[in-house]
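Have a look at the structure below before the remarks.
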Amino acid sequence: MNYVWAFIIGGLICVLSQILMDTTKMLPGRVMVTLVCLGAILGAIGLYEPIIEFAGGGATVPLTGFGYNLWKGIRETVDTDGFIGLFRGGFKMAAVGTSAALIFSYIASLIFQPKMKK
């Protein structure tokens, strides 16, 4: 049942993002930034953690989960290191995911031939 809820919640986040792109003039990049900021804001006010506990990967995989992860890293590092944690915390928590995305996209670029417009 956990997989079903993860699929439903993750799908709802994606559907709401698609509705936002279809009904507004926002470009996809701005929608992505909005989702990251929304995840950070919901994490800061304590609303995203219960969603993660309920939906698991369905809430942590989308961009809102990335924003929450940044917020969580900043909060933990500020508690231990003080003001400098504002600058170190997000990098510390998001480093693995960002590194994996870079490495796998590089590997995909070696395997597949991109068709670039000239």
Side-chain angles (χ1 to χ4, degrees):
M1 195 63 185
N2 290 341
Y3 295 119
V4 173
W5 282 116
F7 179 78
I8 290 171
I9 299 299
L12 281 174
I13 293 170
C14 293
V15 165
L16 292 174
S17 302
Q18 189 64 48
I19 290 171
L20 188 62
M21 284 193 293
D22 290 346
T23 59
T24 66
K25 293 183 180 183
M26 290 177 72
L27 298 173
R30 290 187 179 178
V31 172
M32 291 178 6
V33 169
T34 301
L35 291 173
V36 171
C37 292
L38 181 65
I41 291 168
L42 290 175
I45 60 177
L47 294 178
Y48 208 71
E49 182 111 16
I51 296 171
I52 290 174
E53 289 174 8
F54 178 72
T60 57
V61 173
L63 287 170
T64 50
F66 181 69
Y68 170 76
N69 199 24
L70 289 173
W71 163 252
K72 185 177 174 186
I74 291 169
R75 183 187 65 207
E76 290 174 1
T77 310
V78 166
D79 289 343
T80 58
D81 298 340
F83 181 74
I84 195 73
L86 288 172
F87 305 103
R88 288 182 39 202
F91 293 117
K92 182 179 173 184
M93 285 298 277
V96 173
T98 305
S99 298
L102 290 171
I103 291 167
F104 289 124
S105 58
Y106 178 71
I107 291 170
S109 74
L110 294 175
I111 296 171
F112 302 103
Q113 295 298 321
K115 296 179 183 175
M116 298 179 64
K117 295 180 182 179
K118 294 182 180 182

Residue pair Leu20, Leu16: steps toward the side chain to side chain contact (heavy atoms under 4.5 Å, CB included) verdict:
CA-CA 6 Å; Leu20 188 62; Leu16 292 174; over 6 Å; no
Can Glu76 and Met93 be said to form a side chain to side chain contact (heavy atoms under 4.5 Å, CB included), step by step?
CA-CA 10 Å; Glu76 290 174 1; Met93 285 298 277; 4.3 Å; yes
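A distance of 11.0 Å separates CD1 in Ile103 from OG1 in Thr98, rounded to the nearest 0.5 Å. Residue Phe54 holds its CZ atom at 9.0 Å from CG of Asn2, rounded to the nearest 0.5 Å. To the nearest 0.5 Å, atoms CE (Met32) and CZ (Phe66) are separated by 10.0 Å. In this structure, the separation between CD1 on Ile8 and OH on Tyr3 is 15.0 Å, given to the nearest 0.5 Å. Expressed to the nearest 0.5 Å, how far CD1 of Ile13 lies from CD1 of Ile51 amounts to 7.0 Å. Rounded to the nearest 0.5 Å, atoms OH (Tyr68) and CG (Leu47) are 11.5 Å apart.
Sorted by first and then second residue, the pairs that involve residues 50-67 and meet side chain to side chain donor-acceptor pair (under 3.5 Å), not counting sequence neighbours, are Tyr48-Thr64. Residue pairs meeting the side chain to side chain donor-acceptor pair (under 3.5 Å) criterion with at least one member in residues 20-36, sequence neighbours excluded, are Gln18-Asp22.
Scored by the ring pair (Phe, Tyr, Trp, His ring centres under 6.0 Å) test, Phe91 finds no partners at all (sequence neighbours excluded). In this view, Arg88 and Asp81 satisfy the salt bridge (Lys or Arg N to Asp or Glu O under 4.0 Å) rule, not counting sequence neighbours. Residues forming a ring pair (Phe, Tyr, Trp, His ring centres under 6.0 Å) with Phe83 (at least two apart in sequence, or on another chain): Phe87. For Ala55, the side chain to side chain contact (heavy atoms under 4.5 Å, CB included) test picks out Ile9, Ala59, with sequence neighbours left out.
A donor-acceptor pair is defined here as one N or O able to donate and one able to accept, closer than 3.5 Å; no such pair exists between the side chain of Thr77 and the backbone of Ile74.
A chain of hydrophobic side-chain contacts below 4.5 Å, direct or via other Ile, Leu, Val, Met, Phe, Trp or Tyr residues, connects Val31 to Leu70. Both Ile52 and Val4 are assigned to one and the same hydrophobic cluster, defined by single-linkage of ILVMFWY side chains at heavy-atom distances under 4.5 Å. A continuous path of hydrophobic side-chain contacts links Leu42 to Leu12 [ILVMFWY only; heavy atoms under 4.5 Å].
The nearest pair of heavy atoms linking Leu35 to Leu63 is CB-CB, 3.9 Å.
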